[in-house]
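A short write-up of the structure that comes next.
Atom set for the values below is all heavy atoms of this structure, side chains included, hydrogens, waters and symmetry mates excluded.
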Amino acid sequence: MKSISVGELRQNPAPMIADLEGGESYALTRHHRRIGTIVPAVSSAKLIPRKSSGPARTSTIARHELTTAATIDELLDDDKGPW
C-alpha cells in the first residue's frame, strides 16, 4: 500500500487517481500520521465461498446438561450480574 499526504494529494491528485484506477490502495497521512485509507471503488478482492451448503447439522452436537442453573435464562442472569 502506498502512502500520500494531504498536501501531496491537494497539489497533484492525478498520479494517485491513476494508481487507484489500476487497483492500488493508499494510506492518507497528515503530519506523518495515518488518518485514513483510500481504496479503489472496484476491488480485486474475492469473496470466500461458504464451506458447505444446506441447513446446519446441529443434531451431531452433544447435549450439555446444566449443573449450576435450572434453565438457560437463569444461567445468563447469573452471568450478567446486577446492573
### Query
Side-chain contact, heavy-atom cut-off 4.5 Å: T71 with L76?
no

What side-chain donor-acceptor pairs closer than 3.5 Å can you find for residues 22-34, not counting sequence neighbours?
residue : atom : partner : partner atom : Å
Y26     : OH   : D19     : OD2          : 2.4
T29     : OG1  : I4      : O            : 3.4
R34     : NH2  : T37     : OG1          : 2.8

### side-chain contact (heavy atoms from CB on, under 4.5 Å) partners for P13, two or more places apart
L9, I17

### Task
With sequence neighbours excluded, give me every salt bridge (Lys or Arg N to Asp or Glu O under 4.0 Å) pair touching residues 6-18.
none

Side-chain donor-acceptor distances from residues 57-65 under 3.5 Å, at least two apart:
residue : atom : partner : partner atom : Å
T60     : OG1  : R57     : O            : 3.2
R63     : NE   : E65     : OE2          : 3.2

### Task
Could you pull out the closest heavy-atom pair between V39 and L20, with the gap in Å?
C-CD2, 3.9 Å

